[in-house]
J.: 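Dumping the structure here so I can ask a few things about it.
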Amino acid sequence: QVQLVESGGGLVQSGGSLRLSCAASGRTFSNYAMGWFRQAPGKGRDIVAAISMSVRSTYYADSVKGRFTISRDNAKNTVYLQMNRLKPEDTAVYYCAARPFSDALHLRSYEYGYWGQGTQVTVSS
């Protein structure tokens, strides 16, 4: 099965930037559709961004559109979430997720079978 290891979270001031990384195990990373979700305390796990297997398509939640960029480097088995102009409202635990053998965009948590451990992003005002 897929193992995902996230990194890059931390504390940043409002307006700052962070880049999250999610490294996936296996040789078939290029066959995975990937997504980033976030969950704030007391709230559900919401889609942030998604990217298809072929990088043909991407999706961004309205709340992050224009500020966040999802990308992937299949040679490094890694998906990234570049987060710019961060706001306190972005504070959450961020999770990457993988769905093998799909070149579609998946926007719901139940569509993913594999998850990273989560990395905390805290944006101070």
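Note that the numbering runs from 1 along the sequence shown for the chain.
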J.: Which ILVMFWY residues can you reach from F101 by hopping between side chains whose heavy atoms are under 4.5 Å apart?
T.: none
J.: Do the numbers put R45 on top of the ring of Y95, so that NZ or CZ is under 6.0 Å from the six-membered ring centre and no more than 45° off the axis?
T.: yes
J.: Identify whether L105 and L81 are in the same connected component of the hydrophobic contact network (ILVMFWY, side-chain heavy atoms under 4.5 Å).
T.: no
J.: What pairs meet the disulfide (SG to SG under 2.5 Å) rule with one or both residues in residues 60-97, with sequence neighbours excluded?
T.: C22-C96
J.: Checking D73 against T78: is there a side-chain donor and acceptor pair closer than 3.5 Å?
T.: no
J.: Is any side-chain heavy atom of W36 closer than 4.5 Å to a side-chain heavy atom of V64?
T.: no
J.: Which pairs, with at least one residue in residues 34-63 and sequence neighbours excluded, count as a disulfide (SG to SG under 2.5 Å)?
T.: none
J.: Answer whether the closest heavy-atom distance between the side chains of S21 and E6 falls below 4.5 Å.
T.: no
J.: Sequence neighbours left out, what passes ring-ring contact (aromatic ring centres under 6.0 Å, His included) with F37? Give chain and number order.
T.: Y112, W115
J.: Does the side chain of Y80 reach to within under 4.5 Å of the side chain of T69, using non-hydrogen atoms?
T.: no
J.: So do Q120 and T91 actually touch side chain to side chain, heavy atoms under 4.5 Å?
T.: yes
J.: Give a yes or no answer on whether the side chain of Y59 reaches the backbone of S52 with a donor-acceptor pair at less than 3.5 Å.
T.: no
J.: For S7, give me all partners under side-chain hydrogen bond (donor to acceptor under 3.5 Å, both in side chains), at least two apart in sequence or on another chain.
T.: none
J.: Hey, does M83 have a side-chain heavy atom less than 4.5 Å from the side chain of R67?
T.: no
J.: Can you name the side-chain hydrogen bond (donor to acceptor under 3.5 Å, both in side chains) partners of K43, sequence neighbours left out?
T.: none
J.: Is any side-chain heavy atom of V12 closer than 4.5 Å to one of T122?
T.: no
J.: Using the rule given for side chain to side chain donor-acceptor pair (under 3.5 Å), can you reason through R38 versus Y94, listing the C-alpha separation, both sets of side-chain angles and the distance that settles it, and then say yes or no?
T.: CA-CA 4 Å; R38 66 186 182 186; Y94 284 71; 2.8 Å; yes
